[in-house]
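Each remark here refers to the structure printed beneath this line.
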Amino acid sequence: MRVAGWMMPLENSSRQSHFVLLAYPPGCPFHLHALPNQFIEVRTSQPIAVEERRAITLTGTLRLTGQDESGIFYRLVNARQIDS
């Protein structure tokens, strides 16, 4: 699966291996609350650099989690960044 979106880091680091990929830039004033179909939890095979000013493209295995208590419907595992 190939998907593009905006990285929202989950840790205080310049490189991330676990983050959320949003359908819009973090901090967008028109999208204050993300719906479950507007983000994907990502786990990368190797940490990637935080990119705040542009969308990134990833490839990996997309998993449908079902409706678990975390509110996450989608996970992209074994993800890696595709150079654009």
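Everything quoted here is computed from the prediction, not taken from an experiment.
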Donor-acceptor contacts, no H, no angles, side chain residues 11-22, under 3.5 Å, sequence neighbours left out:
{"residue": "S13", "atom": "OG", "partner": "R15", "partner atom": "N", "Å": "3.3"}
{"residue": "S13", "atom": "OG", "partner": "R15", "partner atom": "O", "Å": "3.0"}
{"residue": "R15", "atom": "NH2", "partner": "P47", "partner atom": "O", "Å": "2.7"}
{"residue": "Q16", "atom": "OE1", "partner": "L10", "partner atom": "N", "Å": "3.3"}
{"residue": "Q16", "atom": "OE1", "partner": "E11", "partner atom": "N", "Å": "3.3"}
{"residue": "Q16", "atom": "NE2", "partner": "E11", "partner atom": "O", "Å": "3.1"}
{"residue": "Q16", "atom": "NE2", "partner": "S13", "partner atom": "O", "Å": "3.0"}
{"residue": "H18", "atom": "NE2", "partner": "E41", "partner atom": "OE2", "Å": "2.6"}

Open item on the list: Can a donor-acceptor pair be found, under 3.5 Å and without considering hydrogens, that links the side chain of T44 to the backbone of A79?
Closed with: no
Task: Donor-acceptor pair, side chain of T59 and main chain of R2, under 3.5 angstrom - done: no
Task: Pairwise distance OH(Y74) to CG(L62) - rounded to 0.5 angstrom - done: 8.0 Å
Task: Gap between atom CD of Q81 and atom OG1 of T57 - 0.5 Å precision - done: 8.0 Å
TODO: Any chance you could lay out the side-chain contact (heavy atoms from CB on, under 4.5 Å) test for R63 and V77, step after step, and finish with the verdict?
DONE: CA-CA 8 Å; R63 294 190 178 151; V77 296; 3.6 Å; yes
Task: Shortest non-hydrogen separation from P9 to V50 and the atoms involved - done: CG-CG1, 3.8 Å
Task: Heavy-atom closest contact (I56 atom, M7 atom, distance) - done: CD1-CE, 4.0 Å
Task: For E52, all residues meeting salt bridge (charged side-chain N to carboxylate O under 4.0 Å, His left out), sequence neighbours excluded - done: none
Open item on the list: Assess the residue pair V3 and L76 against the criterion (side-chain contact (heavy atoms from CB on, under 4.5 Å)); give the C-alpha distance rounded to whole Å, side-chain angles, the decisive distance to 0.1 Å, and a yes or no.
Closed with: CA-CA 9 Å; V3 64; L76 190 67; 3.8 Å; yes
Open item on the list: Counting C-beta onward and ignoring hydrogens, is there a side-chain heavy-atom pair between I40 and L58 closer than 4.5 Å?
Closed with: no
